[in-house]
Amino acid sequence: MPGCFKKTLFALASLISFVSFILIVVAMGTPKWMTGKILCKTGADLVNATDPELVKFIGEIYYGLFRGGKIRQCGLGGRRSKFTIFPHMVKKLNTGLHVMIIMFLCVAIFFSLVSFGFCILNAIKVPYRAINGPAGACLWNFLAGGFVVLAVTSFMAAVKLHHLTERIANFRENVFQFVVLEEHFEDCFWICVASATAHAVNLLLIAISGIHFPKIKTKTEEVNVTAEDIMY
């Protein structure tokens, strides 16, 4: 049986792995990975709008991995619309990269659950095989965190290098052209970053569990037996 200190560390690591699993699932299902402001360039150019008038042509956009929405401002008031990435819009994006982001997160979910199981196992007993022990728990946490990092990095590449926001803003816009003025990574993106950080914390906890702390030995007092004690 593992010691109390080791049990506590692995119980905490299992809780962190489960929280990471929940975080990834929530992030994938929420359409708030990115928000931004978009300028209706065509409308602004038609009326030759100056700086004070540009406010009438600046809309908003938000999106996640599967869906999103935007407010079009082309001089006639805001018009709200919602959209889904699959199945139509993904053809206009970098399909391979977008699917890879989703696949990376799905694999990370799987390894988070495996990590949760291995940490529970190590909290209950000492496995006979090394792969089932702390080494295995480290491996699954490393893989889970690594795939989350790959997903986050790929999403950043899609936004910055492949102009994901601009492509989504101009989807099925035959008349107006939109230009991205601002874009910000939102809560769901940072939730994934927190998930990767959680697995890094788990690696630290598992490493600490393998440290053998010296036991404190207490000196026993010597009992002096005298002749008088024997008589009584």
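Computed from a predicted structure; not experimentally measured.
- Within the model, atoms CG of Leu46 and SG of Cys40 stand 8.0 Å from one another, a figure rounded to the nearest 0.5 Å.
- Cluster annotation: Leu23 is not connected to Val148 through the hydrophobic network of ILVMFWY side chains, with a link wherever side-chain heavy atoms come within less than 4.5 Å.
- Looking at heavy atoms from C-beta onward, Asn122 lies out of side-chain contact with Lys7 at the 4.5 angstrom threshold.
- Side chain of Thr30 to main chain of Ala27: no donor-acceptor pair is present (N/O by atom type, distance under 3.5 Å, no hydrogens or angles).
- Side chain of Arg72 to backbone of Gly59: no donor-acceptor contact under 3.5 angstrom is found.
- For Ser17 against Ser112, the heavy-atom pair with the smallest separation is CB-O, 3.8 Å.
- Of the candidates Phe18, Trp140, Phe110, Phe116 forms a ring-ring contact (aromatic ring centres under 6.0 Å, His included) with just one, namely Phe18.
- When every heavy atom of Ala108 is checked against every heavy atom of Phe147, the shortest pair comes out as CB-CB, 4.0 Å.
- Note on Leu164 and Trp190: same hydrophobic cluster, where clusters join Ile, Leu, Val, Met, Phe, Trp and Tyr whose side-chain heavy atoms are under 4.5 Å apart, directly or indirectly.
- A heavy-atom distance below 4.5 Å is found between the side chains of Phe185 and Met156.
- Tyr62 carries Lys32 over the face of its six-membered ring, with the cationic atom under 6.0 Å from the centre and within 45° of the normal.
- The minimum heavy-atom distance between Gln73 and Ile58, with the atom names listed, is CG-O, 3.2 Å.
- Note: the hydrophobic cluster containing Phe189 does not contain Val149 (ILVMFWY, side chain heavy atoms under 4.5 Å, direct or indirect links).
- A donor-acceptor pair under 3.5 Å links the side-chain atoms of Asn202 to the main chain of Ala13, judged by distance alone.
- Under the 4.5 Å side-chain contact rule for hydrophobic residues, Phe21 and Val193 share a cluster.
- Formation of a donor-acceptor pair under 3.5 Å by the Ser115 side chain with backbone atoms of Phe111 is not found in this model.
- One finds the CD1 atom of Ile208 at 11.0 Å from the CG atom of Leu203 (value rounded to the nearest 0.5 Å).
- The side-chain heavy atoms of Phe118 and Leu139, taken from C-beta on, include no pair separated by under 4.5 Å.
- You'll find the side chain of Ile168 reaches within 4.5 Å of the side chain of Phe83, heavy atoms only.
- The closest side-chain heavy-atom distance from Phe178 to Glu173 is below 4.5 Å.
- If you check the side chains of His199 and Ser20, you find a donor sitting under 3.5 Å from an acceptor.
- To the nearest 0.5 Å, atoms CG (Asn141) and SG (Cys138) are separated by 7.0 Å.
- Across all their heavy atoms, His98 and Leu65 have their closest contact at NE2-O, 2.8 Å.
- Atoms CG and CZ, on Leu150 and Phe155 in that order, are 15.5 Å from each other to the nearest 0.5 Å.
- Counting all heavy atoms, side chain and backbone alike, Cys106 lies closest to Met28 at SG-CE, 4.0 Å.
- Val159 and Met89 fall within the same hydrophobic cluster, where Ile, Leu, Val, Met, Phe, Trp and Tyr residues are linked whenever their side-chain heavy atoms come under 4.5 Å apart, directly or through other members.
- Checking side-chain atoms of Trp33 against main-chain N and O of Glu186 turns up no donor-acceptor pair under 3.5 Å.
- Between Phe86 and Arg67, every side-chain heavy-atom pair lies at or beyond the 4.5 Å cut-off.
- Using modelled atom types, one finds a donor on one side chain and an acceptor on the other under 3.5 Å when comparing Thr165 with Glu183.
- Once rounded to the nearest 0.5 Å, the distance linking CG of Leu181 with CG of Leu39 reads 5.0 Å.
- The heavy-atom pair separating Ser154 from Phe104 by the smallest distance is OG-CE1, 3.7 Å.
- Ile38 CD1 to Ile61 CD1: the interatomic distance, rounded to the nearest 0.5 Å, is 5.0 Å.
- In this structure the side chain of Leu9 never reaches within 4.5 angstrom of the side chain of Ile206, judged on heavy atoms.
- In this structure, the side chains of Phe10 and Ile120 stay at 4.5 Å or more apart for every pair of heavy atoms.
- The cationic atom of Lys70 (NZ for Lys, CZ for Arg) does not lie both less than 6.0 Å from the six-membered ring centre of Tyr63 and within 45° of the ring axis.
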